[in-house]
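For reference, the structure discussed in these notes is given below.
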Amino acid sequence: MIQHTFGLLVKPSSQWKTISELSESSFRTLLLYPWILALIPAVAWYYGTTNVGWTVGDGESIRLTKDSAMTICVLFYITQVVCLSAIGYFIHWMSDTYGAESTITKGIIIASLSATPMFLFGAVGFYPILWLDLLIGIVAVSWAVYLMYLGIPIVMDIPEERGFLFSSAVMGVALVILICLMVGAVILWDFGAAPAFTD
């Protein structure tokens with residue numbers, strides 16, 4: 001699992017080729033990947049928002065209460081895994097359209113491995129500096145999109161042109177899921193998941 005993580009960061013093309021040659025049982029083992037790596041940003045942001053805090057302008061440090069941060073970070077963790085599973089399902093669902101053979105497991109693995117930069121760069125939450133975190137977040141999302149566009153044609157064994165269209169469709173699904181998350185976050189605030197700040 002660790003070799004895939006660093007391989008995707010250092011030599012993504014050859015790492016995707018290695019992943020595409022894995023057996024079905026190895027793919028099933030990789031289903032643990034999002035469950036483990038999604039802990040990095042969740043734990044980092046819990047620590048950062050409760051112990052370090054962040055500032056706006058020259059104001060005092062803003063922190064969340066431990067109970068509030070725990071609720072939000074647990075929901076954040078679950079949301080990461082559920083969203084990657086949903087994107088993985090849609091990768092599998094759309095595979096016939098693009099002439100690829102797939103399983104739900106393979107779809108989830110492609111989505112999860114593509115999200116590797118977002119998992120790792122989520123560690124910036126240990127020390128929240130909003131402008132820096134936003135910049136690093138943009139780099140992580142861009143890198144994840146690049147990995148998706150690179151990985152789908154290799155793992156699905158389809159031509160690059162078809163892989164580009166397939167990846168674009170997957171990105172469309174991911175954007176719809178993002179909008180659903182934003183709506184869901186607003187609804188959850190009314191049900192007790194709103195942030196509570198320390199005095």
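Counting begins at 1 with the first residue of the sequence. On a predicted model such as this, the values are computed, not experimentally measured, just so you know.
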*asked:* Is the ring pair Phe166/Tyr98 parallel, tilted or perpendicular, if the boundaries are 30 and 60 degrees?
replied: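 Rings of Phe166 and Tyr98: parallel, as their planes differ by under 30°.
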
If only atom types and distance count, is the side chain of [X] paired as donor or acceptor with the main-chain N or O of [Y] below 3.5 Å?
X: Arg28; Y: Thr105; answer: no
X: Ser61; Y: Val52; answer: yes
X: Tyr77; Y: Trp35; answer: yes
X: Ser167; Y: Phe164; answer: no
X: Ser20; Y: Lys17; answer: yes

Distance (rounded to the nearest 0.5 Å) between [X] [atom1] and [Y] [atom2]:
X: Leu120; Y: Leu9; atom1: CG; atom2: CG; answer: 5.5 Å
X: Met156; Y: Ser102; atom1: CE; atom2: OG; answer: 3.5 Å
X: Gln80; Y: Ser112; atom1: CD; atom2: OG; answer: 10.5 Å
X: Leu37; Y: Leu32; atom1: CG; atom2: CG; answer: 11.0 Å
X: Thr103; Y: His92; atom1: OG1; atom2: NE2; answer: 7.0 Å
X: Ile129; Y: Ile136; atom1: CD1; atom2: CD1; answer: 8.5 Å

Indicate, with yes or no, if [Y] and [X] share a hydrophobic cluster defined by side-chain heavy-atom contacts under 4.5 Å among Ile, Leu, Val, Met, Phe, Trp and Tyr.
X: Tyr89; Y: Met94; value: yes
X: Trp93; Y: Ile177; value: yes
X: Leu75; Y: Val43; value: no
X: Val124; Y: Trp131; value: yes
X: Ile19; Y: Ile104; value: yes

*Classify the side-chain pair Ser114/Tyr146 by whether it contains a donor and acceptor separated by less than 3.5 Å.*
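No, no side-chain donor-acceptor pair sits under 3.5 Å.
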
Do you know the tightest heavy-atom contact between [X] and [Y]?
X: Arg162; Y: Gly99; answer: NH1-CA, 3.9 Å
X: Ser68; Y: Ala194; answer: OG-O, 3.6 Å
X: Ala111; Y: Ile87; answer: CB-CG2, 3.9 Å
X: Leu181; Y: Cys83; answer: CD1-SG, 3.6 Å
X: Val170; Y: Met148; answer: CG1-CE, 3.8 Å
X: Pro153; Y: Pro159; answer: CB-O, 4.2 Å

Are any non-hydrogen side-chain atoms of [X] and [Y] less than 4.5 angstrom apart?
X: Ile109; Y: Lys106; result: no
X: Phe121; Y: Trp143; result: yes
X: Leu113; Y: Trp16; result: yes
X: Phe6; Y: Gln15; result: no
X: Val74; Y: Met70; result: yes
X: Phe119; Y: Leu84; result: yes

*Have a look at Thr198 and tell me which of Thr50, Thr65, Ile62, Leu64 forms a side chain to side chain contact (heavy atoms under 4.5 Å, CB included) with it.*
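Going through the options one by one, the only one that passes is Thr65.
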
Look at atom [atom1] of [X] and say whether more than 12 heavy atoms of other residues, nucleotides or ligands are closer to it than 6.0 Å.
X: Asn51; atom1: CG; answer: yes
X: Phe90; atom1: CZ; answer: no
X: Tyr149; atom1: OH; answer: yes

